[in-house]
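Take a look at the structure set out below.
Just so it is clear, the model here is predicted, and its values are computed rather than measured. Throughout, a chain's letter reflects where its sequence line sits, starting with A, and its residues are numbered from 1.
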Amino acid sequence: MTFDRTKHISFDEETSSTVDPEYSLQPFRALKGEAFVSSYAVTYFKDGKPVSEACAMPSVDQLRAFLQHCIDNDLTIVGWNVAFDAAWPCALGLEDLVMRAKWLDGMLLWKHLTVTPEYGLSKGKRKSYSLKAAVPEFFPERAGYEEDIDFHDMSPEATAKRLVYNQKDTIFTFKLTEKFYNMLEQEPARLQAALIEAKCIPMVAASYVQGLPIDVKQAEKLYEMLDNESMMQLDALSEFNVTPEILNSPKQLAKLLFEDWGLPVLKKTPKGQPSTDKEVLHELLNTVQDVRADAVRRYREAVGNQSKFAEGTLDSVKYNGDGCVRPMASIYSTYTGRMTFTSKQGKGKNERAIGIPIHQMKGDKGEKLDKEYRKMVLAPPGYTIVEFDAAGQEFRWMAIMSGDQTMLELCMPGEDPHSFMGSRIVQCDYRELIELNHAGNKKAKNERKLGKFANLSFQYRIGAEKATVKARVEYKLDVRQPYIQSVKDVYLKSYPRVQDYWQNQIFKCERKGYAETLAGRRVDLHGDWRRNGWSLESTAINFPIQGVGADQKYLALAVLRPYLLTVGAKFFFELHDGIYLLVPDDKVEQVAVEGKWLLDNLPYHKAWGFASPIPLTWDCKVGKTWGTLKEYDYGSK
DNA sequence: CTCCCTTGCGCC
DNA sequence: AAAGGGCGCAAGGGAG
């Protein structure tokens with residue numbers, strides 16, 4: 001089934017705004033007519049020949065007719081970063097047609113063919129996957145075709161020139177997509193993984209327009225609370241010549257801590273400077289009992305979270321002007337396949353706060369203000385947030401990939417891997433520990449926490465030193481390195497196949513020159529295995545786990561897409577192993593049940609040729625704000 | 001002033 | 001010899 005030219009049509013829009021040029025990158029502005037599609041172009045095959053057409057200032061009816069034509073004729077719409085193009089008709093009231101149409105993205109196919117880890121490269125130095133980067137590589141004689149295009153000049157001359165350019169984009173997109181499709185198809189699983197991933201394109205497109213409604217009062221309240229917190233810590237330090245300027249600067253803070261106050265240097269940065277990070281501050285409190293260090297840590301935390309989350313949210317709501325923030329999802333944005341979200345467009349003075357750093361938004365770890373953050377994000381009126389979360393995702397995929405019998409058994413119903421590991425560490429009875437935990441026993445709770453720490457930390461090759469820091473700072477466990485070394489030993493002894501998996505992956509990936517997931521997604525690992533051995537090995541180990549998690553998420557979205565249409569629900573956002581939906585209030589129970597059934601029974605075999613030895617289940621939570629989701633109670637229904 | 005690097009830290 | 005992985009964002013500091 002090579003690429004069928006008669007079943008694909010490439011599509012590209014140019015967009016502009018009469019209010020502000022920057023709005024032409026913000027599809028939701030079309031909701032209020034503050035930005036518009038200035039033209040669109042298509043390329044398709046007719047009687048074996050390519051035909052390109054363009055339409056200036058398309059009306060909503062014209063866009064509707066185009067989408068309807070594609071649906072009626074079973075044409076797949078092909079674009080370059082096409083979620084952006086698909087978002088505009090969503091904003092113009094055509095979301096239903098966008099969701100029903102088929103979409104494919106040449107840029108994403110290219111990525112599937114060529115992605116590498118790109119260790120240590122800053123964002124600007126990474127390979128660009130833009131069409132403007134692809135054309136010179138594959139059609140060198142056509143390089144520079146995009147020069148001198150003015151996107152906002154609506155004069156007849158500029159428009160005519162732009163329409164030609166618009167069509168060229170669709171020609172290149174068609175040719176490249178066909179090429180990449182056929183290359184991927186040489187290994188059908190790779191193409192299949194890419195095609196499943198592409199199913200989420202219209203969901204992501206619609207989510208750009210939907211946005212996340214914000215409880216501004218809550219954001220202001222959080223801002224105040226963090227203000228109070230930082231002021232309080234600053235007061236506590238008032239007699240020690242401390243200023244915000246010093247505390248905000250790692251360099252100045254290092255001088256204060258280690259020269260002025262004479263505290264011991266516990267850790268250095270990669271560049272050899274004395275580190276002032278929160279681990280160091282945490283340890284200065286615990287080892288030297290210096291309470292000033294604790295105040296410094298709390299101050300820095302409050303200030304950092306205030307600007308990043310509270311102030312950032314208020315800024316974004318203000319910029320968007322309609323009560324919503326709109327972090328932009330990026331499909332396959334990490335080399336393992338995961339999505340990322342960005343909250344800014346432009347840089348420097350031109351930086352626009354379109355959204356919030358949703359993948360970093362503080363969650364509830366039990367600290368005082370933790371639960372105030374996610375409460376800022378609301379369901380729109382008439383909707384409820386429904387979250388499906390892949391239960392123990394990385395643990396389960398490691399169990400499957402390693403084939404470790406104990407891990408696999410712990411994934412069966414009624415088992416609790418963290419209690420198991422806790423019981424191994426403190427040498428008590430596993431079932432008894434589960435019982436005590438159910439009864440709310442405090443000691444048992446801590447023992448389970450230790451097991452959880454071990455299960456989540458030692459899956460990869462973390463050393464005892466870093467693991468100790470993690471246990472102390474992140475899990476607030478009062479432990480020392482020799483003890484954590486013994487915990488690590490218990491872990492590796494309990495799941496012996498994990499280390500075998502590491503060795504097998506390293507051997508296999510070096511030989512093949514790539515790593516791959518169960519679904520067929522790959523990353524290229526050709527490189528200097530002598531010099532960069534550790535990094536390449538780590539990718540060989542990590543990629544199949546994190547990557548298949550991404551594949552699983554895309555498969556879940558692909559299955560949910562047609563279902564959500566039938567109940568009027570929408571994709572809201574995602575958090576790697578969690579999918580957040582907006583569900584009409586009166587459909588929540590139905591979606592909690594039917595959605596869970598669909599996700600617990602994803603067609604892994606049909607999609608990937610994979611029959612799971614264990615159940616891969618999803619947990620469900622529902623609520624009116626992101627911060628107040630509650631486990632859905634299946635028992636009482 | 002802008003650009004880039006470093007440090008630090010939030011999430012999975 | 002020793003080394004978890006994957007990201008995006010904020011702020012300071014230095015170079016140009």
Could you identify which residues of residues 347-369 of chain A place a heavy atom less than 4.0 Å from some atom of DNA chain B, listed by residue number, or say none?
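Going residue by residue through residues 347-369 of chain A, the ones with a heavy atom under 4.0 Å of DNA chain B turn out to be Lys349(A), His359(A), Gln360(A), Met361(A), Lys362(A), Gly363(A), Lys365(A).
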Compare the minimum distances between each of dG4(C), dG6(C), dG12(C) and the side chain of Thr336(A), then state the nucleotide with the smallest one.
dG6(C)
When you get a sec, tell me which of dG8(B), dG4(C), dA11(C) is the closest nucleotide to the side chain of Asn248(A)?
dA11(C)
Can you tell me if the side-chain N/O atoms of [X] get under 4.0 Å from OP1 or OP2 in [N]?
X: Gln546(A); N: dC7(C); answer: no
X: Lys278(A); N: dG10(B); answer: yes
X: Ser249(A); N: dG13(C); answer: yes
X: Thr340(A); N: dG6(C); answer: no
X: Thr269(A); N: dG8(B); answer: no
X: Thr334(A); N: dC7(C); answer: no
X: Ser343(A); N: dC9(C); answer: yes

Is the charged tip of Arg292(A) near the ring of Phe240(A): under 6.0 Å from the six-membered ring centre and within 45° of its axis?
yes
Distance, rounded to the nearest Å, where [X] contributes [atom1] and [N] contributes [atom2]:
X: Leu492(A); N: dG4(C); atom1: CG; atom2: P; answer: 13 Å
X: Lys255(A); N: dG13(C); atom1: NZ; atom2: C1'; answer: 16 Å
X: Phe341(A); N: dG8(C); atom1: CZ; atom2: C1'; answer: 12 Å
X: Phe453(A); N: dG4(C); atom1: CZ; atom2: P; answer: 12 Å
X: Gln393(A); N: dG6(C); atom1: CD; atom2: C1'; answer: 13 Å
X: Glu465(A); N: dA2(C); atom1: CD; atom2: P; answer: 10 Å
X: Glu574(A); N: dC12(B); atom1: CD; atom2: P; answer: 12 Å
X: Leu247(A); N: dG8(B); atom1: CG; atom2: P; answer: 14 Å

Please tabulate, one pair per line, each protein N/O and nucleotide N/O from nucleotides 14-16 of chain C that are separated by under 3.5 Å, including the distance.
residue	atom	partner	partner atom	Å
dG14(C)	OP1	Lys251(A)	NZ	3.2

Just to be sure I understand the rule, does [X] reach a base, reach only the sugar-phosphate, or reach nothing, if contact means heavy atoms closer than 4.0 Å?
X: Ser535(A); result: nothing
X: Glu245(A); result: nothing
X: Phe458(A); result: nothing
X: Lys488(A); result: nothing
X: Thr276(A); result: sugar-phosphate
X: Phe543(A); result: nothing
X: Gln459(A); result: nothing
X: Arg461(A); result: sugar-phosphate

Any side-chain donor paired with an acceptor under 3.5 Å for Asp489(A) and Gln485(A)?
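Gln485(A) and Asp489(A) do have a side-chain donor-acceptor pair below 3.5 Å.
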Under a 4.0 Å heavy-atom cut-off, which of residues 467-483 of chain A touch DNA chain C?
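Contacts with DNA chain C under 4.0 Å: Lys470(A).
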Counting only non-hydrogen atoms, which of residues 296-314 of chain A are less than 4.0 Å from DNA chain C?
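Only Ser307(A), Lys308(A) qualify.
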Applying side chain to side chain contact (heavy atoms under 4.5 Å, CB included) to Ile214(A) and Val377(A), what does each step give before you reach the verdict?
CA-CA 5 Å; Ile214(A) 292 299; Val377(A) 175; 4.1 Å; yes
Does His112(A) form a side chain to side chain contact (heavy atoms under 4.5 Å, CB included) with Arg522(A)? I'd like the steps, not just the answer.
CA-CA 7 Å; His112(A) 275 271; Arg522(A) 283 190 192 174; over 6 Å; no
Any Lys/Arg nitrogen of [X] or [Y] sitting under 4.0 Å from an Asp/Glu carboxylate oxygen of the other?
X: Lys255(A); Y: Asp260(A); answer: yes
X: Lys553(A); Y: Asp577(A); answer: no
X: Lys125(A); Y: Glu118(A); answer: no
X: Glu197(A); Y: Arg521(A); answer: yes
X: Lys365(A); Y: Asp370(A); answer: no
X: Arg297(A); Y: Asp294(A); answer: yes
X: Glu283(A); Y: Arg472(A); answer: yes

CG/Leu477(A) to OH/Tyr483(A) distance, rounded to the nearest 0.5 angstrom?
9.0 Å
Would you say the ring centers of [X] and [Y] fall short of 6.0 Å from each other?
X: Phe573(A); Y: Trp626(A); answer: yes
X: Phe458(A); Y: Phe453(A); answer: yes
X: Trp618(A); Y: Phe388(A); answer: no

Is the side chain of Asp528(A) donor-acceptor paired with the backbone N or O of Arg531(A) at a distance under 3.5 Å, no angle test?
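Confirmed, Asp528(A) side chain pairs with Arg531(A) backbone.
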Heavy-atom donor-acceptor pair, Gln306(A) side chain to Tyr223(A) backbone, under 3.5 Å
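Pair found, side chain donor or acceptor close to backbone of Tyr223(A).
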Structure string for DNA chain C in dot-bracket form, Watson-Crick and G-U at under 3.5 Å, | interchain:
....||||||||||||
With sequence neighbours excluded, what pairs up with Lys371(A) under the side-chain hydrogen bond (donor to acceptor under 3.5 Å, both in side chains) test?
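Once residues adjacent in sequence are excluded, Lys371(A) has no partner under the side-chain hydrogen bond (donor to acceptor under 3.5 Å, both in side chains) criterion.
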